[in-house]
Engineer: 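One structure follows; several queries about it will come next.
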Amino acid sequence: MSDQITWEKCPQCGDSAAVGWVKVREITGPTVVWMPAEFDCPAGCDLTQDERLAAFDPSSWV
């Protein structure tokens, strides 16, 4: 389950897609980072976890 949802450009088709973000605490300290955990493109595009991490920069909206 996502903590936050944003609309981003789908890297496959270019349409708007919903990206669900979760807060993750870094192992080395108290820093919390946002990671793209879910992806839903209305055109039906599908991304693997590695593709989500490569396509969506957590610092782009936080």
Side-chain angles (χ1 to χ4, degrees):
M1 179 184 245
S2 299
D3 294 312
Q4 208 54 274
I5 302 289
T6 61
W7 286 95
E8 307 288 342
K9 182 178 178 180
C10 174
Q12 291 183 354
C13 72
D15 286 344
S16 291
V19 178
W21 301 83
V22 293
K23 290 181 188 178
V24 178
R25 187 169 305 279
E26 289 184 344
I27 295 172
T28 58
T31 304
V32 173
V33 295
W34 289 90
M35 303 297 289
E38 298 178 276
F39 177 80
D40 185 23
C41 179
C45 301
D46 193 26
L47 299 178
T48 66
Q49 180 178 1
D50 289 339
E51 290 170 330
R52 281 194 312 269
L53 292 172
F56 304 110
D57 179 7
S59 65
S60 67
W61 69 276
V62 177

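Hydrogens, waters and symmetry mates play no part in the numbers below; they use all other heavy atoms, side chains included. On a predicted model such as this, the values are computed, not experimentally measured, just so you know.
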Engineer: With Lys9, which residues qualify under side chain to side chain contact (heavy atoms under 4.5 Å, CB included), at least two apart?
Structural biologist: none

Engineer: Mind listing the closest non-hydrogen atom pair of Asp15 and Ala43 along with its distance?
Structural biologist: OD2-CB, 4.1 Å

Engineer: Where is the tightest heavy-atom contact between Asp46 and Glu51, given as atom of each residue plus distance?
Structural biologist: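 What the structure gives for the nearest pair is O-OE1, 4.0 Å.
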
Engineer: For residues 35-42, please give each side-chain donor-acceptor pair under 3.5 Å, one per line with the distance, not counting sequence neighbours.
Structural biologist:
from: Glu38; atom 1: OE1; to: Ser2; atom 2: N; distance (Å): 3.2
from: Glu38; atom 1: OE1; to: Ser2; atom 2: OG; distance (Å): 2.2

Engineer: Taking the side chain as C-beta and beyond, is there a heavy-atom pair between Leu47 and Phe56 under 4.5 Å?
Structural biologist: yes

Engineer: Are Leu53 and Val22 linked, directly or through intermediate hydrophobic residues, by side-chain heavy-atom contacts shorter than 4.5 Å (ILVMFWY only)?
Structural biologist: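 Yes, because Val22 and Leu53 connect within a single hydrophobic cluster, where side-chain heavy atoms sit under 4.5 Å apart.
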
